[in-house]
Amino acid sequence: MSMNLIYSFREGFVGLRRARLASLLTISTVAVTLTLLGIFLVLTFNIQRVVEHFKSRMALEVFLDNSLNSDEIEKLEERLRKVEGVDTVVFISRQEALEQFRREFGEDPLDLLGENPLPPSFQIKCKQEFRSHQGIETVARDIEKIEGVDEVVYRGQLFRIVDRYSRIVLLTDAILLCVVFLSAVLLVANTLRLTILSQMKTIHIMELVGATKRFIRRPYTIQGVLQGGIGGTIGSLVVWGFEEGIRLRFPQLLEVFPLLILSPLLLGFLLGFLGSQLGLRRFLKV
Amino acid sequence: MIQLSDVWYWIHGEQILSGVNLRVEAGDFVCLVGPSGAGKSTLLRLVHMEIFPSRGKVKVTDYETDSIRAKEIPLFRRRVGMIFQDFKLLEDRDVFENVAFALWATGVPRKRIKKKVFQVLAEVGLSHKRYAMMTELSGGEQQRVAIARALVNEPFVLLADEATGNLDAEATEEVLELLRKINRKGTAILLATHSENLVSNIPTRIVKIHEGRVSE
């Protein structure tokens with residue numbers, strides 16, 4: 001490593017010590033905000049996972065005319081498979097429907113009516129990109145136009161609610177991410193301002209002896225990245241602890257992949273870098 | 001080597017320099033003498049390219065104020081040493097580090113730094129105080145540290161802005177003798193001072209400056 005780089009790293013660390021209180025405040029704030037963000041991301045990811053799972057199990061019930069014979073039902077099934085957005089098609093005969101009714105309601109329609117009133121139907125699941133309120137409505141509309149289809153039943157209202165709430169969660173995430181990120185960037189920039197102000201003489205001497213702009217700016221960039229990185233590391237550790245804690249008590253509840261736990265650390269480095277650049281641009285005129 | 005051609009400088013409506021023409025050749029020892037506020041420091045800062053003329057041109061070797069690029073300024077400054085009345089040293093570092101700082105900042109390898117710093121400290125007579133902190137040094141010694149820092153990059157010219165202004169008679173004589181020695185080795189010196197007595201003892205070229213105009 002060149003002297004130049006050693007000097008920059010040493011000054012970066014010394015800078016943290018010089019503006020000790022401000023650095024500590026920044027690191028703590030970055031840690032707290034990124035921890036909250038990390039936990040929020042873990043929860044959001046898992047909420048999304050549950051929503052997706054729930055959506056994947058929701059199906060369209062396509063009831064057919066009672067008059068259709070088996071050839072016509074077979075042809076209809078072919079047509080249903082070709083409808084855009086359809087993933088799986090499962091046929092439920094009148095007999096199967098009757099047995100399902102008996103299982104679910106504990107009563108036998110044959111006893112009450114003397115005949116099976118249930119029509120044959122298809123249970124249709126949509127492809128992932130159609131698992132939204134609008135997507136499922138489009139598929140339902142297309143199926144309704146097919147000859148032989150009597151009625152299409154699905155839980156449109158439920159889909160609408162699920163869609164709305166998952167959108168709210170995502171939007172909250174995005175807003176939180178922006179607010180947290182921006183405030184942390186400003187904090188890092190402000191801490192650097194204090195360091196830069198206390199170092200004006202050194203900076204002037206650097207210029208005097210012919211230090212390049214890059215050489216002068218580098219220790220402050222390193223200092224900013226360190227602040228963000230340390231805060232982010234704490235954030236990642238807490239998020240990991242949170243996830244492990246939940247996992248110990250409810251092993252099946254959360255699913256977490258490493259990037260999610262590392263996200264506070266990565267964001268910490270990024271915001272430290274951005275904050276330092278902002279601080280340098282605003283307060284260091286070299 | 002240094003050429004100021006019809007240089008004017010004004011700031012916030014105040015005229016500081018008016019049509020200055022000055023030429024300094026390699027190996028010259030030029031004393032720029034004038035009262036406070038005459039424009040001496042401004043002239044040195046123009047030569048150091050910290051500021052740029054409002055009109056006219058400053059040329060230092062191949063570098064010219066109207067064509068130098070921002071990226072070239074650090075390279076240029078490594079060849080122009082400058083010392084000040086208030087020394088501008090880093091109080092939290094020792095003598096060695098203050099001098100080495102100029103080399104660290106320019107990316108010189110560690111081994112060469114040590115060798116160069118020891119060499120230049122010997123030149124200014126401070127080898128024995130290389131690990132002393134600034135607070136342990138006299139004013140004259142501090143100015144010698146500043147001179148060592150200015151010399152360590154082997155400049156072709158040394159600009160001295162009231163370099164003896166804060167020193168007693170004995171330290172002033174020491175610093176002047178050191179500057180003469182440096183000059184004898186071929187480095188041009190441009191020394192700005194308000195004291196006519198100071199320059200009367202030095203066999204140098206004297207340039208007078210008054211209200212922003214120079215005369216010899």
Side-chain angles (χ1 to χ4, degrees), chain A residues 1-24 191-226 276-277 279-286, chain B residues 44-45 47-51 63 68-84 86-93 97-117 120 134 145-155 158-159 161:
Chain A
M1 209 189 292
S2 74
M3 278 309 285
N4 218 309
L5 219 54
I6 292 171
Y7 171 82
S8 300
F9 272 96
R10 201 182 68 184
E11 285 301 301
F13 280 101
V14 169
L16 280 184
R17 223 179 42 220
R18 277 197 198 110
R20 204 172 300 147
L21 198 66
S23 294
L24 202 67
T191 313
L192 271 186
R193 184 180 69 99
L194 295 177
T195 311
I196 289 167
L197 285 178
S198 70
Q199 290 290 296
M200 284 318 282
K201 188 178 172 186
T202 312
I203 291 165
H204 179 62
I205 293 170
M206 284 186 187
E207 289 182 273
L208 195 75
V209 298
T212 57
K213 272 185 187 184
R214 200 204 291 173
F215 178 83
I216 297 173
R217 297 167 70 103
R218 198 159 46 199
Y220 302 106
T221 304
I222 290 171
Q223 190 184 329
V225 171
L226 278 175
S276 66
Q277 297 315 296
L280 288 168
R281 229 183 57 178
R282 284 178 65 187
F283 307 118
L284 192 61
K285 305 287 180 212
V286 293
Chain B
L44 291 190
R45 290 176 68 204
V47 174
H48 200 235
M49 299 203 191
E50 274 178 59
I51 53 173
Y63 297 98
I68 192 166
R69 287 178 299 168
K71 248 168 95 175
E72 292 174 321
I73 290 177
L75 303 175
F76 162 75
R77 294 226 179 110
R78 292 173 198 179
R79 305 307 315 278
V80 180
M82 192 157 182
I83 55 173
F84 301 86
D86 60 354
F87 320 131
K88 296 203 191 300
L89 295 169
L90 299 166
E91 272 117 41
D92 56 346
R93 288 158 218 230
E97 286 178 316
N98 261 284
V99 180
F101 189 75
L103 297 171
W104 280 329
T106 52
V108 175
R110 186 202 295 251
K111 269 189 184 166
R112 255 194 78 208
I113 289 180
K114 204 169 178 183
K115 194 175 159 199
K116 287 280 298 176
V117 174
V120 80
M134 293 308 109
V145 176
I147 292 172
R149 186 184 64 199
L151 288 181
V152 79
N153 272 320
E154 297 169 14
L158 182 62
L159 309 173
D161 190 4

- Query: Is chain A contacted by the side chain of B/Arg93, its backbone, both, or neither, given a heavy-atom distance below 4.5 Å?
  - Reply: side chain
- Message: Please classify the contact between B/Leu103 and chain A as side chain, backbone, both or neither, with a heavy-atom cut-off of under 4.5 Å.
- Response: neither
- Message: Going by the rule side chain to side chain donor-acceptor pair (under 3.5 Å), which residues pair with B/Lys114 if we only count those two or more places apart in sequence or in a different chain?
- Response: none
- Item | Any donor-acceptor pair under 3.5 Å from A/Lys201 side chain to B/Leu89 backbone | yes
- Taking the side chain as every heavy atom from C-beta outward, state whether B/Glu50 and A/His204 have any atom pair closer than 4.5 Å. yes
- Query: With a 4.5 Å heavy-atom cut-off, do B/Trp104 and A/Arg10 have their side chains touching?
  - Reply: yes
- Interface residues of residues 73-80 of chain B facing chain A - non-hydrogen atoms under 4.5 Å apart: B/Pro74, B/Arg77, B/Arg78
- At their closest point, which heavy atom of B/Lys88 faces which heavy atom of A/Ile205, and how far apart are they? O-CD1, 3.0 Å
